[in-house]
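Both ligands and their constituent atoms are indexed starting at 1 by order of listing. Note that this is a predicted model, so its numbers are computed, not measured. Numbers here are sequence positions counted from 1.
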Amino acid sequence: MFSNLEQTFRWYGPADPVSLQAIGQTGATGIVTALHHIPAGEVWTGDEIEKRKNMIRSAGLRWSVVESVNVHESIKTASADRGQYAEKYIDTLKNLAAHDIRIVCYNFMPVLDWTRTDIDFRLDNGASALRFHAPALAAFDLYILEREAAYQEFSSEQQARAKEYLDSLNPEDKKRLINNIMAGLPGTKDVLTLEQFKAHLEKYAGIDAAQLKRNLTWFLQAVVPEAEKLGISLCIHPDDPPFPILGLPRVVSNEEDMLDVINAIPSKANGLTFCTGSLGARGDNDLPAMIDRLGKHIHFLHLRNVKREIDGSFYEDNHLEGSSDMYAIMKSIIREQQRRAAGGRTDIAIPMRPDHGHKLLDDFNYDTFPGYSAIGRLKGLAELRGLEMGIKNTLYR
Ligand code: DNO
């Protein structure tokens, strides 16, 4: 039988309260990390990469995937200085390749990375989950950010629900909502102020989805040929949530978008991170079918499950529950592995990580990055590896 998926765990670096030793005990063998202390756009030097790589190796683990080398806003907005940032991006890729790190995740979400309104949503059993509550986002957009155009984007019913939500908040709740939405890149503790965010929004005033796609294509054309020479597999992460928010365009939200990325410059170096949690927040994304069709371009898997609600809200459910059929997803992934094995490809052990997890048990005693507690993710990983083993043994033994 062909090999298993590579089990990985995200680690935020030395500041992460979840230690490498703890990660080793989950059974994961690969680490997914980034040099979070280096600002987006700056070059990761060989020395810094080596230091981090050695740290991981001393714990008996391997640095499997970089998540993420973030793309500078100048590239996303096609500013005059974007050429310089593309060059720096390529320099970082060269330094990573020199240290034999060859899977590099990134995203093309404007300004904010992933967005949640509630990072401590309590489930019936007391576990804490992440949630995107549509009326809360609308309340922020309409009444806190006071974005003019938002009044045209939300129906009067949505506006009424948002107002009702806003009125239910005390000053503390309101502050928390702002902080949750304005939290910047994962791995940093930086939170944008409303003023900073508004200044960013202005830069996107003339940028619709079609223009943002052109800016992404420019980036790919600059970087993919270099990545290919280096043997690096870039893999774009989908938008989270996979629809426009706060007036910002989104361009990696469904199959068509992903095909546009791939077709912009076909290359093994131009691939996908398939995140079932991000893509699963849209009911019209048929995840198993997407994996069947896009499979050969997938270099990295994020496995998690969201429970969708009727109004566009969702919360993060147990990995095997929620609105997406994780059994069918895993089966599609295994079919892709089988195709790779039959076609003589060597990248069969696709790195996967249990993406996010609930806060459970002792997790409450640590101030971990939202979604990245140890026990919650350990539970997810244990379930996913059991599912993989069960399906493989049923199909192939
Ligand atoms: C959230 C993540 C995202 C992801 C980036 C990839 O937990 O999945 O923040 O890391 O968007 O660039």
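- Those atoms of ligand 1 that come under 4.0 Å of a heavy atom in R10, given as number and element, are 1 (C), 2 (C), 7 (O), 10 (O).
- The closest approach between a heavy atom of R353 and any atom of ligand 1 is below 4.0 Å.
- Near D113, the atoms of ligand 1 lying under 4.0 angstrom from a non-hydrogen atom of the residue are 3 (C), 4 (C), 5 (C), 9 (O), 11 (O).
- At a threshold of 4.5 Å between non-hydrogen side-chain atoms, the residues I232 and E226 do not count as touching.
- A distance of 6.0 Å or more separates the ring centres of H99 and W44.
- Distances below 4.0 Å separate heavy atoms of M109 from the following atoms of ligand 1: 11 (O).
- A salt bridge links E255 with R293: at least one charged nitrogen is closer than 4.0 Å to a carboxylate oxygen.
- Looking only at heavy atoms of the protein, atom 8 (O) of ligand 1 is closest to H237 NE2, 3.3 Å.
- Taking every non-hydrogen atom of H302 and a distance limit under 4.0 Å, the qualifying atoms of ligand 1 come out as 8 (O).
- Looking at Y106 against ligand 1, only its backbone comes within 4.0 Å, counting heavy atoms.
- Among all non-hydrogen protein atoms, the one lying nearest atom 4 (C) of ligand 1 is E67 OE2, 3.2 Å.
- The ring of H133 has its center closer than 6.0 angstrom to the ring center of Y165.
- A ring-centre distance under 6.0 Å is found for H356 and Y372.
- When hydrogens are left out, the protein atom nearest atom 1 (C) of ligand 1 is H356 NE2, 3.3 Å; that is the closest non-hydrogen contact.
- Given atom 6 (C) of ligand 1, the protein heavy atom at minimum distance is S68 OG, 3.1 Å.
- In the hydrophobic clustering of this structure, M258 does not group with W114; members are Ile, Leu, Val, Met, Phe, Trp, Tyr whose side-chain heavy atoms approach within less than 4.5 Å, directly or through other members.
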Before giving the answer on side chain to side chain contact (heavy atoms under 4.5 Å, CB included), spell out for R250 and M109 the whole-Å C-alpha distance, their side-chain angles and the decisive distance to 0.1 Å.
-> CA-CA 7 Å; R250 295 293 218 193; M109 287 180 257; 3.2 Å; yes
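- Side-chain heavy atoms closer than 4.5 Å link hydrophobic residues (I, L, V, M, F, W, Y) into clusters, and following such links, even through other members, never connects V104 to V32.
- Residue N107 has at least one heavy-atom neighbour below 4.0 Å for each of these atoms of ligand 1: 5 (C), 6 (C), 11 (O), 12 (O).
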